[in-house]
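In what follows, a structure is listed as structure tokens, so that the remarks can point back to it.
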Amino acid sequence: MKLGFILGEVGSGLRRNLSMVVSVVLVTFISLTFVGTAALMQMQITQMKGYWYDKVQVAIYLCGEHNEGTNCAEGAVTEGQRGEIESMLGSAAVKPYVENFEYESKEQALTHFREQFENSSMSETVTADQLPESFRVSLVDPEKYQIIKELFSSMDGVDVVVDQRELLEKIFSIINIASFVAIGIAGVMILCAVLLVGTTIRLSAYLRRRETGIMRLVGASKSSLQLPFVLEGVISALIGALLASGVLWAAVRFLIDDKLALDYKDTAFISTGEVFMVAPWLILLGVVLAGVSSLVTLRRYLKV
């Protein structure tokens, strides 16, 4: 069968079912946008983990006047206790695990606090006496945090040993939950898209039942009968997938590249390059689902 005839049949079908085609495009667009968003969120988590896990430190907080920890029964850390902790950090036993460390006084802690919360009213109400002294430790291997915790948690003058990765994990877990929600919504929308494609194909085939009957009588093959209907569904899904890819690109380009990446220069963000990695898979997913749904509808319900 000539290509021109097939394309003419496809165009005729799209015009006859314009409202249904628009519905397929919109549902496919929304569902694949959620799928792409979830994929990009996972890429962002992976990128942030790789960037921040090498930078996070272990904080050894020292006892203050009002701490009630097991090692703080005698009150605030003394000069001798602080010296023992520092000596331990520089000892041969600990050196294989510690890349470097630095002492942070209460005054330095207050300065850092005010830098981090400069736009908050809290920065003016907090005093140095309310913040603890600490040692900030960078590890050779962040996975060996437990060794440092075991060594220093029981030392006199140490209130608590905190791995900053735990704070990051909480943030990443929230992003993970959001991505799973996006995947769940995407799954529902994809199901709707598949059902809508099938409905559109059934309607298109019903409206052209006379032409289909004539083609059967003249000996047209099944592939010739099915191809125009399949192409209708595939084209509709393809348009939706392209729209989804375009929206994701625009969101990353204008929200992340032009806004967040400039405002938070110390954070690793995804870029439009990741969108170009995800987009082909979105297009393939949309086309395959539409094609399979069309073929199943034609063979199961219409016997075409």
Side-chain angles (χ1 to χ4, degrees), residues 21-57 116 119 142-143 163-198 200 233-294:
V21 169
V22 172
S23 299
V24 172
V25 169
L26 291 177
V27 174
T28 305
F29 158 64
I30 295 172
S31 61
L32 293 181
T33 298
F34 276 109
V35 172
T37 299
L40 291 176
M41 289 173 72
Q42 288 300 315
M43 288 182 174
Q44 180 63 53
I45 291 174
T46 301
Q47 189 154 327
M48 290 181 70
K49 281 184 176 181
Y51 180 82
W52 283 110
Y53 276 7
D54 292 335
K55 296 180 180 293
V56 295
Q57 298 175 314
Q116 292 176 350
N119 297 323
E143 299 293 334
D163 182 9
Q164 294 177 343
R165 289 194 311 159
E166 295 176 356
L167 302 178
L168 292 177
E169 286 293 349
K170 293 179 181 179
I171 298 174
F172 294 148
S173 65
I174 293 173
I175 301 177
N176 263 323
I177 292 172
S179 66
F180 290 145
V181 171
I183 291 174
I185 296 174
V188 174
M189 296 303 296
I190 286 175
L191 177 61
C192 293
V194 169
L195 295 175
L196 194 55
V197 168
T200 302
V234 167
I235 290 173
S236 302
L238 178 61
I239 295 172
L242 291 173
L243 287 175
S245 301
V247 167
L248 291 174
W249 179 89
V252 173
R253 175 68 176 82
F254 297 110
L255 179 61
I256 296 181
D257 287 353
D258 290 354
K259 179 63 178 174
L260 296 179
L262 297 178
D263 292 344
Y264 302 94
K265 295 181 180 179
D266 292 334
T267 302
F269 288 104
I270 59 174
S271 65
T272 51
E274 278 74 17
V275 178
F276 289 123
M277 293 172 57
V278 171
W281 293 103
L282 295 181
I283 294 172
L284 180 62
L285 177 62
V287 168
V288 169
L289 288 177
V292 171
S293 177
S294 300

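Listed by chain and number, the residues in a side-chain contact (heavy atoms from CB on, under 4.5 Å) with Glu274 are Leu40, Met43, Gln47, Ile270, Ser271 (sequence neighbours excluded). Applying the salt bridge (Lys or Arg N to Asp or Glu O under 4.0 Å) criterion to Asp257, with sequence neighbours excluded, gives no partner residue. Partners of Ile183 according to the side-chain contact (heavy atoms from CB on, under 4.5 Å) rule, which considers only residues two or more places apart in sequence or in another chain, are Ala38, Phe180.
To the nearest 0.5 Å, atom OG1 of residue Thr272 and atom CG of residue Leu248 are 12.0 Å apart. Here the CD1-CD1 distance, from Ile190 to Ile185, works out to 12.0 Å after rounding to the nearest 0.5 Å. Distance CZ/Phe254 to CH2/Trp249: 5.0 Å, rounded to 0.5 Å. Here Leu243 contributes atom CG and Leu238 contributes atom CG; the two are 9.5 Å apart, rounded to the nearest 0.5 Å.
Contact between Ile283 and Ala241 at its shortest, heavy atoms only, is CA-CB, 3.7 Å. Closest non-hydrogen pair, Ala237 versus Gly286, comes out as CB-O, 3.4 Å.
Counting only heavy atoms from C-beta outward, the side chains of Gln44 and Phe269 approach each other to under 4.5 Å.
Residue pairs meeting the side chain to side chain donor-acceptor pair (under 3.5 Å) criterion with at least one partner in residues 275-294, sequence neighbours excluded, do not occur; the list is empty. Residue pairs meeting the side chain to side chain donor-acceptor pair (under 3.5 Å) criterion with at least one member in residues 24-42, sequence neighbours excluded: Gln42-Asn176, Gln42-Ser179. Within the structure, salt bridge (charged side-chain N to carboxylate O under 4.0 Å, His left out) contacts touching residues 241-253 (residues at least two apart or in different chains) are Arg253-Asp258.
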